[in-house]
Amino acid sequence: MESNVAAQGSLLAGLNTEQLSAVTWPNKSALVLAGAGSGKTRVLTTRIAWLLSTGQANPAGILGVTFTNKAAREMQTRLAAMVPVNVRAMWIGTFHGLCNRFLRLHHRDAGLPNTFQILDSADQMSAIKRLMKSLDVSDERFPPKAVQGFISGNKENGQRADVLSAGDPYTRKLIELYAAYDAQCRREGVVDFAELLLRSYEVLVANQALRAHYQARFSHILVDEFQDTNRLQYAWLKLLAGDMGSVFAVGDDDQSIYAFRGAEVGNMRSLLNDFAIAEPIRLEQNYRSAGNILTAANALIENNDGRLGKNLWTDAGEGEPIRLYEAYSDGEEASFIVDEVKALQRDGWNLAGMAVLYRSNAQSRVLEHALVNANLPYRIYGGLRFFERQEVKHALAYLRLVANPDDDNAVLRVINVPARGIGARTVENLLAVSREQGVSLWQAACAGGAGRSAGKVSDFVALIESLRARSENAELTLAEAVSLVVDASGLRAMYEADRKEGEERLANLDELINAAASFMPDDPQAALVEFLTAAALEAGEHQAEAGEDALQLMTVHAAKGLEFSAVFVSGLEEGLFPHENSMADRKGLEEERRLMYVAITRARQRLYLSCAQSRMLHGRSSYPLRSRFVEELPEDLLKSLSVKAAPRAERAAWAAPAASKPQRSAGSAGGYRIGQSVEHAKFGVGVVIDAEGADDDVRLQINFAEHGIKWLDLRYAKLTPA
DNA sequence: CGCATTCGACAATGG
DNA sequence: GTCGAATGCG
């Protein structure tokens, strides 16, 4: 017992009062409002360790839910280091990973084949397109993306097609497509991401015995990033908690940045109500950022309504001012960043400790260009992941057919890859047969059929059959089976013949074989199915190879949960950040503001904010206004680094019209220059984006924030510099 | 049927 | 600037 007490002591050492209170919270539900950098992950893992080491819970009673695989792994690793328990007995994982585990165990109750496969979003999209083609639905009136959004959105609200109704024919059609899509998935033995959750929820609802079993088992449910849960996830947690269980949720409503994909910040308030939690525990002491950075973040987020309320503080001192740079162009913004990074590097800063954040991936190109020219090593997060690569998906499709030949998606992906003379026409015929007879494409292909390509189709069938026979009977290891598929399918030969990108693709296929070799299945008998599942659920790292010291580039979304000594937030322009797709309503704008809050709070020591007066967007020049989020920061925290930027000072200067003669060639017309902010009595604020004429006859094209683009004649229009 | 080229839409994220 | 669909030619 003494060692137990000692162990507890060291577990709890170094926690502040609030953290300690959260970690040692009695066995009842709690909501921990954990600000950025307040030790959230530490609290969560320490609590589990504390529950285990004090004997309040056994490993099997723990259900730990995270949003990313990375977070789940981190929690497991940390736990393993803290307490000597069998980590595997605990259920720790993502919502999707846990639901998959549940459905594999109870596939019969869920009405799924034991080899059911998981569709990623791309697979889901092609399944939808295929379905719409077969039903002859116009993809102009019903964009597949919208159909996908409709289906996933409803699943995440826990609603099947049969409970939906609509007054308008458009929505009725969507509901019809939803029902047909689900039927198609059932026929093929596949589930999409949302289905994993909905199906396991429905099984628990329908099956009293199963529900009672898991409710009794999971005495402690702990949830990370609770602000990101959607309605279905919340219902799932509530169901598992039952009347007796408790939910210990950690989250930060100010860092909710996934509402656009269904996250319900309102779940935090619901949790307080439904689980009778009197008051959330607030973790407000920040151990990451300097004072000025926190002050800026607090001031920014104050502009949002309906917050649960929280103010970050630190005892680390004010630190440096926040640096602001307003560039002429996106290219110049990039070279500013490069210069600053080099300067910091000369001062002994680590490249890997610096990050450039942006709102959208497209912005990385200009930065990359500048970094390559400057010979600065960098690493980009985002983009194509390993298991999403064409060649890897091809190989996986063959493997899926080995596991389950009725997977029509997989058949369509590889029936003619590499080209084996089965063209669109033949595929059309197969699709027609499968539709008429209500069988899978595979079964249609096996039936043979007439036509010139019949022989080629039966060759394909024979290929898959032989792959299956050999991987099942010949006692091949998983890696050998993958290797066999790559060779026998002809994929290897195909990429060997491709001189342009074949080499890289072959390397990735070899990497896939390596991945198979080091894969550790829970059940060796089901190694292939587990491998395919892992490929779908963990599409792989965002190419984050360790190694050389490199500058980190990523979107703000990707930066959530990370921290850096120095952070550059770039592209702070209206329409970009906040993004134009989210500017229309207050909710969207508030989410953008939370995104900015996340961006700011990534910085430990130094924070740079930058924007450009002109930017190439969609292949053409735009002249955006500076982001409102910059204006929302306290002026005395900012230090302007650009001559032109001196934002507020410059305004004063412009208020007195320039005496010099306006010259178009100098980028100035009638005292205005392109890129300048102006204000119009009727149209409000805008930016000059073009000009024509000279002297007394000047016309300006202005992009107004509220009223769009207009040409104004300076002789009549009442304009003032803004 | 297979490959190459063109055209046009699009550009937030992750399981 | 990229990707996927559509088109056209050998």
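Each chain gets a letter, A, B and so on, in the order the sequences are listed, and its residues count up from 1. Values in this document were obtained by computation on a predicted structure and should not be read as measured data.
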Heavy-atom donor-acceptor pair, A:Gln363 side chain to A:Arg359 backbone, under 3.5 Å | yes

May I ask you to decide if the ring planes of A:Tyr170 and A:Phe142 are parallel, tilted or perpendicular, using 30° and 60° as cut-offs?
-> parallel

Contact class for A:Thr68 vs. all strands (heavy atom < 4.0 Å): base, sugar-phosphate, or nothing?
-> sugar-phosphate

Heavy atoms from other residues, nucleotides or ligands near CZ of A:Arg425 exceed 12 (cutoff 6.0 Å) | no

Taking only Lys NZ, Arg NE, NH1 and NH2, and the carboxylate oxygens of Asp or Glu, determine whether A:Glu538 and A:Arg73 approach each other closer than 4.0 Å.
-> yes

Under the 5.5 Å and 30° test, is A:Phe193 stacked on the base of B:dG14?
-> no

Can I get a per-line list of side-chain donor-acceptor pairs under 3.5 Å for residues 575-582 of chain A, giving both atom names and the distance, sequence neighbours left out?
residue: A:His579; atom: ND1; partner: A:Asn581; partner atom: N; Å: 3.1
residue: A:Ser582; atom: OG; partner: A:Glu592; partner atom: OE2; Å: 3.1

With ring centroids as reference points, do A:Phe102 and A:His107 lie under 6.0 angstrom apart?
-> no

When pairs are called at under 3.5 Å and a stem needs at least three consecutive Watson-Crick or G-U pairs, the stems of DNA chain B are B:1-10 with C:1-10

Any ion pair linking A:Arg615 and A:Glu332 (charged N to carboxylate O, less than 4.0 Å)?
-> no

Letter by letter from the 5' end, nucleotides 1-10 of chain C scores (B base, S sugar-phosphate only, - none; protein heavy atoms under 4.0 Å) SS--S-----

Rounding to 0.5 Å, atoms CD (A:Glu496) and CG (A:Leu491) come to a distance of 11.0 Å

